[in-house]
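The next block holds one structure in the form of C-alpha cells; read it before the comments.
Note: hydrogens, waters and symmetry copies are ignored here, and every other heavy atom, side chains too, is used. Labels below follow one simple rule: chain letters A, B, ... track the order of the sequence lines, proteins then strands, and each chain is numbered from 1.
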Amino acid sequence: QSLTAAFASEPSSVDPLYHNLGPNNATRKHMFESLVGEDANLAIVPELAESWSSSDDGLTWTFKLRQGIKFHDGGDFTARDFLYTACRIPNVPNSPSSMEGFIGTAETITAPDDFTIEVTTAAPYPLLLTDFASFGVISASANGHEGPVEYVKGGCPGIEGYLDSNAYNDGSATVGTGPYKFVSFTPGESVILARNDDYWGDAPHWETITIRPITNDGARVAALLAGDVDVIEKPPVQDLERLRGDERVNVVQGPSSRVIYLHFDHEGEPSPGIEGTDGKNPMKDVRVRKAISLAINRPLIVDRIMGGLAVPARQLVPDFMRGTDPAIALEEPDLEEAKRLLAEAGYPDGFKLVIGTPNDRYINDAQIAQAVAQMLTRAGIETEVDAMTASVFFSRRNNYEFSLYLAGWGSSGAGMASPLRALVASQNKDKGLGGTNRGRYSNAELDAVIEEALSTVETETHDALLRKASNIVVDDVAILPLHFEVTPWALRAGLTMEPRADQHTVLTTVRPSN
Amino acid sequence: MSAPVLSVRNLRTEFETRAGTVTAVDGVSFDVGAGEVLGVVGESGSGKTITGFSVLGLVDKPGRIAAGEVILGGRDLRKLSEAEMHKLRGDRIAMIFQDPMMTLNPVLRIDTQMIETILAHRDVSKGRAREMAAEALALVGIPSPVERLRTYPHEMSGGMRQRVVIAIALMLEPDLIIADEPTTALDVTIQSQILSEVQRLLAARNTALIWITHDLTVVAGLANRVAVMYAGRIVETGPVDALLDRPAHPYTQGLIASIPSSVPRGERLVPIKGMTPSLINLPLGCAFAPRCPRASETCKASRPAEQTLRDGRSLRCFHPLEVQA
Amino acid sequence: MLAYLIRRLSQAILVMAVMATIVFFGLYAVGNPVDLLINPEASLAEQEATIARLGLDKPVHIQFGYFLSGLVQGDLGTSFVHNRPALELILSRLPATLELAFLGILIAIVFGIPLGMIAGLRPNAPYSKLIMAGSVVGFSTPNFWQGLMLIMLFAVFLGWLPAGGRGDTVDVFGIPLSFLTLDGLGHLILPALNVAIFKMALIIRLTRAGTSEVALQDYVKYARARGLSPTRVVGVHVLKNILIPVVTVLGLETGNVIAFAVVTETVFAWPGIGKLLIDSIGLLDRPVVVAYLMLTVFLFVMINLIVDILYSILDPRVRIKGGR
Amino acid sequence: MTALLSLRDISQTYVSSPDLAERIANLAGANYRETRVRAVNGVSFDVAEGEVVGLVGESGCGKSTLGRMVVGVERPASGTLAWRGTALEDMTQAERRQWELEVQMIFQDPFASLNPRMRVEQIVGEAAVIHGLIRRSERRDYVADLLNKVGLGADVMTRYPHQFSGGQRQRIGIARALALRPKLIVCDEAISALDVSIQAQVLNLFEDLRHEFGFAYLFISHDLGAVEHIADRVAIMYLGRLVEIGTADEVFENPRHPYTRALLAEAPRLDRRGQKFTPIEGEIPSPLNPPPGCAFHPRCTQATDACRRQVPTLRSGKDGRLTACILEHGEPV
Amino acid sequence: MSVAVDTPFRRFASDFVASPLAVIAAVGLVLIALMALFAGVVAPQNPYDLAQIDILDGSLEPGSEGFTGFRYWLGTDEQGRDMLSAMIYGLRISLFVSFVAVTSAVLVGMALGLLAAWRGGWIEGVIMRTVDIQLSFPALLVALLLLAALGKGVDKVIIALILVQWAYFARTVRAAALVEIKKDYVMAARAAALPEWRILFGHVLPNVMPPVLVIATVQVANAIAIEASLSFLGVGVPITEPSLGLLIANGFDYLLSGRYWISFYPGVALLVTLVCINMVGDHVRDILNPRMQR
Ligand SMILES: Nc1ncnc2c1ncn2[C@@H]1O[C@H](COP(=O)(O)OP(=O)(O)OP(=O)(O)O)[C@@H](O)[C@H]1O
Ligand SMILES: Nc1ncnc2c1ncn2[C@@H]1O[C@H](COP(=O)(O)OP(=O)(O)OP(=O)(O)O)[C@@H](O)[C@H]1O
Ligand SMILES: [Mg+2]
Ligand SMILES: [Mg+2]
C-alpha cells in the first residue's frame with residue numbers, strides 16, 4: 001500500500017546535513033538514522049548505537065554500534081560512516097544553516113574498531129546525546145569515499161571535496177540506513193520514498209510514501225477531505241472541531257516542545273514603540289514585567305485563539321521534558337494586581353506599547369498577539385500590534401526594533417537547557433550562548449547556573465541546575481512563556497499515528513488504527 | 001414601358017426609439033423598369049437609405065417594415081422567408097453602399113469576399129468562382145485583376161474599392177441594383193470615372209438601377225426618372241427632364257434653386273428656409289408645409305394625396321407650381 | 001520587422017536590468033535571509049559563519065557587483081535555500097506554470113468567445129443577460145476566492161476532482177507534462193479553471209462589446225446584402241473582426257495569467273514558478289527572485305511578440321513596424 | 001495697395017525619419033528610409049483685401065495643409081508668408097499677434113470643429129476675452145451680437161453643440177471666427193458636409209458677411225459649382241503645386257491647364273442631362289513618390305516626352321494667364 | 001436628430017436611469033460608500049479599539065449576545081470582534097485604498113498621457129516606453145514585489161497600486177488625446193491663438209475624461225480585487241487594519257470549521273461592492289459609447 005502525506009512546508013533538500021530545518025529533519029528521519037534516536041517525547045533511545053556510556057569525568061563518551069545494519073545500497077554500516085558524517089557536517093557546500101553546532105563540542109571522534117565510537121569533549125557536556133540525535137548518518141561509500149576515515153576537527157585529512165546537496169536531490173548519494181529508501185524528489189511537488197525491505201528494525205507498514213507540500217492551510221484540509229492525501233500536518237486549529245466530527249477523518253494530537261513566548265527589550269533606553277514614559281524603558285522594571293504577566297489570561301488565549309490546542313505555560317519547556325520544576329504553577333491572571341504593580345512602578349496611567357509579531361510563522365501568531373494586546377490594553381497599557389511576514393519580522397527583531405515581541409521556540413531533547421542557553425543566557429558569541437536572546441536579557445546569576453548545568457553530565461545534578469535556572473527566569477519574569485503548542489495531525493479515517501513533541505511528521509508511525 | 005422590375009407600394013418603415021416612433025419611410029411607392037435608372041434625391045435623413053434597406057428586407061432591430069409591398073419579378077418580397085431572401089440578396093438584387101471605406105470587410109481579402117458571394121448563389125467550383133471574380137474586376141476597369149484579387153481592401157484607394165463593390169454587384173447579373181450614394185465620398189474625377197463605368201455596364205445589361213443621392217446634378221446626368229423624397233415620403237416623381245426643368249413641388253423647386261450653378265454668379269442663392277423636420281410625430285399635414293412659401297391652412301391640416309400629371313409625373317402637393325402640361 | 005525585434009529586445013533588456021536592480025536592492029533592504037534560513041538554536045558564531053558562507057557579509061554594492069559579473073557570464077546566482085542555480089531551479093518549475101496558464105487561456109477562449117458573441121448578437125435576450133451577469137461575478141470576485149470555492153465544490157463536496165497538486169506527468173522531450181495522463185489532467189482541470197474564470201469573464205465582455213460594435217458596421221450589413229448565410233456572416237465576418245481586440249487584450253493579459261497563476265498555484269499547491277516565487281520572497285531567496293523576474297520579463301516579451309505577430313496576421317492593416 | 005496675404009514659394013514637407021531601432025536595423029542590412037511627403041510645393045499667390053480666392057483640387061493635393069499654414073497653426077518649411085506686406089520672420093510680437101487674430105478658419109466637419117463640452121457662449125467668446133478684445137463681462141452681449149449676425153438667435157448661447165443641426169453648427173463656427181474680427185477667413189471645405197439647401201444658406205451668409213465686413217476668403221473646396229459661385233479668383237492645385245490661377249471667369253470659361261479642363265468637363269451640372277461621362281483615367285499619384293516631370297502627365301491625354309522630364313512652373317502666358325503647363329508655354333529654357 | 005433642449009448631463013442621467021439594474025447598483029454603491037465613509041458612526045463598535053472588544057466574546061455565532069449584552073448580528077471572530085463592524089471598517093479600508101490609489105493613478109496617468117500626446121517627440125517616447133514596460137508586467141506581480149520590498153502597510157499598498165495602474169490611464173489618455181488633438185476644434189483653438197495650457201486643459205482634457213472615468217470605475221474594482229489577492233498572499237494591508245480582502249483571506253481558515261460567518265459575510269460584502277462598481281461602470285461605458293446607442 002502507499003501513503004500520501006501533505007506537509008505544510010517543503011524540505012529545501014533531501015541532503016540530511018544541508019539545512020537544519022524542520023521539514024528537512026522530518027523528511028530525513030525516514031531515510032537516515034542518527035547514532036541515537038529521540039522517541040516521541042524526545043527522550044533519548046538507541047538507534048544506530050545499541051548502547052553508550054560516558055566516563056566519570058564526563059569528558060569521554062563511548063558508543064557501541066549495532067551490527068549488521070546495511071545501507072540502502074547494500075553497503076555495511078560501520079563506525080567509518082559516522083566519522084565521514086562528522087567530517088562532512090561543517091563542509092556541506094553552500095549550507096544555509098549547517099549542523100556544525102551538533103558536533104562542535106566534540107574534540108575528537110575516533111573508532112577503535114568498526115563498531116565502537118569514542119568521543120571526547122573539552123569540558124563535560126551533558127547535551128551530547130541530544131546533539132548526536134539531531135543529524136542523520138550518511139554512507140561514506142555512497143559519497144564516493146573508500147578507505148578509512150580520520151576525523152580531525154577543522155578538516156579531515158584525505159578527503160578532498162564533499163558532495164553538495166544536489167547529489168542528494170537527484171538521489172545518487174541519498175543512501176541511508178532508515179526504513180525508507182529515496183525514490184525521487186521533485187521540488188514543489190513531491191518526495192517519494194519506498195520501503196527498505198532490509199531494514200534492521202520493525203518492518204514499516206507502507207510500501208511507498210509520497211510527501212507533498214501544500215502550504216495553504218485550507219487547501220491542505222481540502223486535499224485530505226477530497227481523499228487526495230492520507231495524512232496532513234498542521235491542520236488549522238479552527239477546523240479541528242469540524243474535522244473531529246467528520247467521519248472520514250481521524251485527528252491525532254500530541255503535546256509539543258514548542259513554546260510561544262513574549263520577549264521584553266531588556267536594554268533599549270528609550271525602547272522602540274514605547275510612548276508615555278518620558279524615554280524610560282518600563283520593560284527593565286520587573287514589576288512591569290510581572291504586571292504584564294498577570295494581565296495576560298493564558299487559558300483564555302488557549303481556549304479562544306488556539307481552540308484548546310495548546311497548554312498554558314509558565315516555564316519554557318513542557319512538564320514532560322527535562323529540567324522543569326513542577327512546583328512552578330501557572331499563575332492566576334489578576335488585572336487589579338497588574339494595575340497595582342504598574343502604578344507602583346510609576347506608571348499609574350500605563351503607557352503605549354507596540355508588540356511585534358510575525359503573522360505566518362506560528363499557529364495563529366498574529367491573533368495571539370492581538371489577544372495579548374487586548375488584555376494589556378485592559379490593564380492600562382495601550383498596546384498596538386505590528387504584525388508582519390516572518391522574513392521582515394526576524395530581520396527587525398534581530399535589529400532590536402521591538403520592545404515586546406512574540407516568537408516561538410521548539411526545544412530539542414535537551415529540555416530546559418535548550419531555551420535557557422538560547423533565549424535568556426547573556427549573549428556570548430564565544431561560549432555559544434544567547435544566540436536568540438534578542439531581548440538582550442542579562443543576568444549574571446542565571447548565566448552562572450546555566451553554564452554550570454551545561455557542564456554537568458550527571459543527570460540528576462544537571463536537571464536540578466536547570467530547575468534552579470528556570471525558577472530564576474520565572475521569578476525575574478525574564479521572558480514570558482504563553483503556551484506550548486499542541487500539534488495536531490489529521491488522517492484518513494482508519495489510520496492513526498504517533499504524535500511527536502518535536503512536531504516532525506514521521507510517517508513510519510502511521511498505521512491502520514485497529 | 002415594359003412591366004417594372006421592381007414595384008414598391010405604400011412601403012412604411014418605422015423605428016421604435018425612446019423618444020417615439022420614427023417613421024423613416026412613409027407610404028412610398030415607385031416602379032423601376034429594366035434598363036431604367038431611377039434617381040432618388042432628398043436631404044439628409046429623408047429616408048433614402050432606409051428605403052433601400054427596406055427593399056432588401058435588411059431593416060434592423062429597433063426598426064421594422066410596417067406595411068407595404070415590395071414586388072420583384074411578380075413576387076412580394078415581404079412574404080418570403082428569411083432563407084428565400086438570402087437567396088435573393090446579392091443575386092437578384094444587389095446593393096452598393098455609400099462609404100467605400102467601410103463597405104468591404106477590412107480583414108478579408110478581396111477574393112474571399114467576392115468568391116463567397118458567388119458560392120452563396122451559384123453552384124460552381126472555387127476555381128470557377130475565382131475566374132468569375134477576376135472577370136468582374138476586369139469589367140469595371142481594374143487593371144491586372146488577377147493580382148488585385150489577392151489584395152486587402154486597405155491596399156486599394158477609395159475609388160478602386162468602390163469599383164470592386166460595383167463589380168460584386170454586377171457579378172451575378174442581378175435584375176436590380178440599389179446604389180446608395182456610391183460616389184458621395186469620392187472626388188469629382190473619381191466620381192466621373194465610376195459614373196462612366198456604370199453607364200457603360202448598364203447599357204450592356206439592361207439592369208434596373210436605383211441611384212440614391214442628395215446631389216441633383218449627378219441625377220441630372222445619369223437618371224431617366226427622379227423621385228424626390230422629403231421626410232420619408234416621395235413628394236414628386238417624374239422623368240428627369242420634366243422634373244428638373246419644370247419642378248411642380250415647391251420642395252423640388254427649392255432644392256434646384258439651392259444649387260449654386262443654377263443661379264448666375266454674384267446673385268444670391270435661394271435656399272429653402274428652415275430645417276429638416278424631426279421624423280418623430282410629424283405633423284398631420286404636409287411635412288414640408290412649415291417651410292413652404294406656398295403653404296396654406298389645408299397643407300397643415302391634411303396630407304396631400306398623390307396626383308398624376310400628364311407628362312408621366314406624380315406629385316403630392318395641394319399647391320403645385322404652374323406646370324405646362 | 002527587424003527594427004521591431006530590436007525595439008522589443010532592447011526594451012526587454014532595459015526592463016530586466018531595471019527590475020533586477022530594484023529587486024536586488026529592495027530585497028536587501030527587507031532583511032537578511034540568514035535570519036530565516038538558519039536554525040534559531042544556532043549560536044551567534046554559527047550565524048556569522050553562515051552569513052559569510054553565503055557572501056552576505058559584504059557591502060551590498062559589492063554583492064551587486066558579483067551579481068553583475070555573474071550575469072555577464074550567464075550565471076544568475078545560486079539559490080540560498082536550494083543550493084541550485086537559480087535559473088535551473090526556475091526552469092524546472094516552468095513547464096507546470098506554462099501548462100496551467102495555457103490550458104486556462106484555452107478554456108477561456110473556447111468558452112468565452114462563443115458566449116460573448118451570443119450575448120453581443122442578442123443583447124436583450126434573457127440568456128444574454130444571464131451570461132453577462134455571470135461574467136460580472138467572474139470578473140469581480142477575487143481569484144483566490146474562486147479557487148477556494150472550486151475546491152470546496154468539486155473536491156470536497158462532490159469529490160470528483162483532486163483538490164490540488166500535480167498528478168502523474170509524462171516526459172515529452174524531457175519536459176514533464178501532466179495533461180497527457182488521465183490523472184494529470186484531473187489534477188490540472190480545477191487550477192486551469194481557476195485561471196480561466198477571470199479570463200473568460202474578460203473575454204466574454206470584450207467579445208460582447210466587439211460583437212455589438214462590429215455587428216453594426218457597414219461591412220456586416222453589406223455581407224448580408226450579398227446574401228451570405230447568417231453562419232458565414234457571424235462566423236467569418238464578425239468573428240474575425242472581434243478577434244482583433246480579443247487578441248490584443250489577451251496579449252496584454254498573458255503576463256497577468258502567469259501572475260494570477262501565483263495565486264492559483266498557492267491555492268492548489270501547484271508546483272509552478274509562482275509558488276516558487278512566493279516561497280522565495282518569503283525566504284528572501286534573492287537569486288531566485290531576481291532570476292525569476294528576468295526570466296518572466298523575457299517570457300512576457302516573447303509572448304507579446306507572438307501576440308503582435310498574430311495580430312498582424314488577423315488584421316492586415318497592421319504591419320509590424322512600430323511595435324509601439 | 002499691398003496684398004493682405006502674400007505667399008511666395010511656400011512649401012511644406014512632412015518628414016518622418018527612422019528611429020534609433022530602425023537605424024540599428026539598417027546597419028544590419030535592413031532598409032528603413034526617411035519618408036518625405038511634399039504636401040505643398042512652391043505655391044505663390046496673393047489674396048487682396050476683400051477678395052475671395054477659391055482653391056480647388058483633388059483630395060490629398062495639399063489644400064488643407066496650405067490653409068493651415070495661412071492661419072498659422074503650422075509653419076511653412078520654406079518660402080515666405082507675408083501678412084500686410086510683413087514677412088512672418090520679420091514680424092514683431094504685436095504684428096504676429098495681429099496676423100494670428102486676423103486670419104481665422106472655418107472647418108469642414110461641423111461636428112468635430114466645435115468642442116462638445118462647451119456652451120456656445122464660451123465657444124464663440126473665449127478667444128476674444130483671452131486676447132483682450134472684450135472684457136469678460138461684455139462677453140454675453142458680444143456673443144449675442146455675433147450670433148445674430150450669423151442668423152442664430154441669442155437664446156442659443158447656453159446650449160451645447162450637439163443640440164444643433166449641421167448648418168447651425170457651421171454658423172456657430174463662423175461666429176467663432178468672426179469674434180476675433182478677422183480680415184481673412186480660410187474656409188476649408190466649409191460647406192461640403194452640408195445638405196444642398198443648407199449649403200445655399202451658408203454660402204449666402206458668406207456673401208453677406210463679406211459685403212458687411214469686407215472679409216477676404218480663401219475658399220477651399222472641391223465643389224466647382226460653389227467655387228464658381230463665390231470666388232473672384234480661382235487657384236487649381238494638383239499634387240502640392242498650383243497648376244493654374246486666374247479670375248473665376250477666365251478659369252471657368254476658358255480653362256488652360258489640361259487638368260482644369262478635365263475637371264470642368266466632368267463636373268456634373270444640372271443642365272447636363274444624360275451626360276456621357278468620360279473620366280480622366282488614373283488617380284492622383286502619391287505625394288510620397290511623385291512622378292518625374294509634370295505631376296499630371298500620367299493622366300494627361302496630351303502629355304509629351306517633355307512633360308515626363310520637366311517640371312513646369314507657374315508662368316504667365318501671352319494673354320497674362322498663369323498656368324503651369326509645358327504644352328502652354330513650351331519647354332522652359 | 002432631435003434638437004431637444006437638454007444638457008449632456010441630463011441626457012446621461014436619463015439614459016442611466018433607463019436601466020433599473022444599473023440604478024440599483026448605483027444606489028447600492030452609494031449606500032456602501034456612505035457606510036464606509038461614516039464607519040465610525042454606522043458600525044456598532046470600533047473593532048480596532050482594543051478596549052472595546054473582548055476575547056470572551058470570541059467566535060460567537062451570528063445573532064448571539066455577548067456577555068456584556070451586546071448583540072453581534074453577524075457574529076464575532078476569535079478575538080471577539082463584531083464581524084459587522086469589522087466588515088464596515090474593512091470596507092472603508094478597501095474603498096479608501098482603491099479610491100486613493102485610483103485617483104492618484106488617474107492624476108499621474110492623465111498628466112503624463114496628455115503630455116505625451118501633446119508634446120510628442122522624445123518626451124512621448126520616454127513616457128510611452130515606460131507605459132509599455134509597465135503594462136507588459138502583470139499588476140499583481142509588480143505589487144507583490146514592491147510590497148515584498150517595502151513591507152506591509154496601507155500606504156505601501158496604495159503606492160503599489162498607483163504604480164501598477166497609472167500606465168493604464170496614461171495610455172488611455174494619450175490615445176484619446178491624440179484623437180481629440182486632431183479634431184478641428186483644437187485646430188480652431190490654435191487658430192485663435194489660445195495659450196497652450198488653455199487648449200490642453202480647457203479643451204482637450206474635458207473631452208478625454210469620459211473614457212478615463214469609465215476605466216477608473218473598473219480600476220477601482222480591480223484595485224480592490226488586487227488588494228484582496230495581495231492580502232491573501234500575505235503582503236497586503238496589516239492585520240491591524242484589515243481590508244475586506246484580508247478579512248476573507250483570514251476567514252478562509254474558518255471555512256471548513258463551520259464558523260463560516262467569519263469569511264462569508266466579508267466575502268458577500270466584497271462581491272456586492274465589486275459587482276455594483278462593475279455594473280455601474282459597464283453601464284456608464286455603454287451609455288457613453290455612441291455606437292451602442294440605437
Ligand atoms: N436605427 C435607427 N433608429 C432610429 N431612427 C433611425 C434609425 N436608422 C435610421 N433612422 C432614421 O430614419 C430616417 C431616415 O434615415 P436614412 O438613413 O434613410 O436617411 P438618408 O436619406 O439616407 O440620409 P443621408 O443622406 O444622411 O444618408 C432618419 O431620420 C433617421 O434618423
Ligand atoms: N501631419 C502630416 N504628416 C504627414 N503627412 C501629412 C500630414 N498632413 C498632411 N499630410 C499629407 O499631405 C498631403 C496633403 O494633405 P492635405 O490634408 O493638405 O490635403 P487636402 O488637399 O486638404 O485633401 P482633402 O481634400 O482630402 O482634405 C496628403 O498626402 C497627406 O497625406
Ligand atoms: Mg443614407
Ligand atoms: Mg483637406
Heavy-atom closest pair (Asp184(E) atom, Asp109(D) atom, distance to 0.1 Å) is OD2-N, 4.1 Å
Taken in chain and number order and not counting sequence neighbours, the residues that satisfy ring-ring contact (aromatic ring centres under 6.0 Å, His included) with Phe206(D) are Tyr217(D)
Exercise. Are there more than 12 heavy atoms of other residues, nucleotides or ligands under 6.0 Å from atom OH of Tyr14(D)?
Worked result: yes
Within residues 94-103 of chain E, contacts to chain D at heavy-atom distances under 4.5 Å involve none
Applying a strict 4.5 Å limit to non-hydrogen atoms, the region of Val186(D) in contact with chain E is neither
For Tyr185(E) and Pro116(D) the tightest heavy-atom approach is CE2-CD, 4.1 Å
In this structure, CG of Asn115(D) is separated from CD of Glu180(E) (nearest 0.5 Å) by 8.0 Å
One option among Val71(D), Val73(D), Leu180(D) has the most heavy-atom pairs under 4.5 Å with chain E, and it is Val73(D)
Greatest number of non-hydrogen atom pairs under 4.5 angstrom with chain D, of Lys183(E), Arg190(E), His203(E), falls to His203(E)
Looking only at Arg176(D), His131(D), Met118(D), Met105(D), most heavy-atom pairs under 4.5 Å shared with chain E are made by His131(D)
If one checks every heavy atom of Glu100(D) against chain E at 4.5 Å, the contacting part turns out to be both
Given Ala179(D), Ala127(D), Ala112(D), the one with more heavy-atom pairs under 4.5 angstrom with chain E than any other is Ala112(D)
Near Gln93(D) CD, under 6.0 Å, is it more than 12 heavy atoms from other residues, nucleotides or ligands? no
| said: I'd like to know whether CZ of Arg75(D) has more than 12 heavy-atom contacts from other residues, nucleotides or ligands below 6.0 angstrom. | reply: yes
Whatever's closer than 4.5 Å to a heavy atom in chain E on Arg68(D) counts as side chain
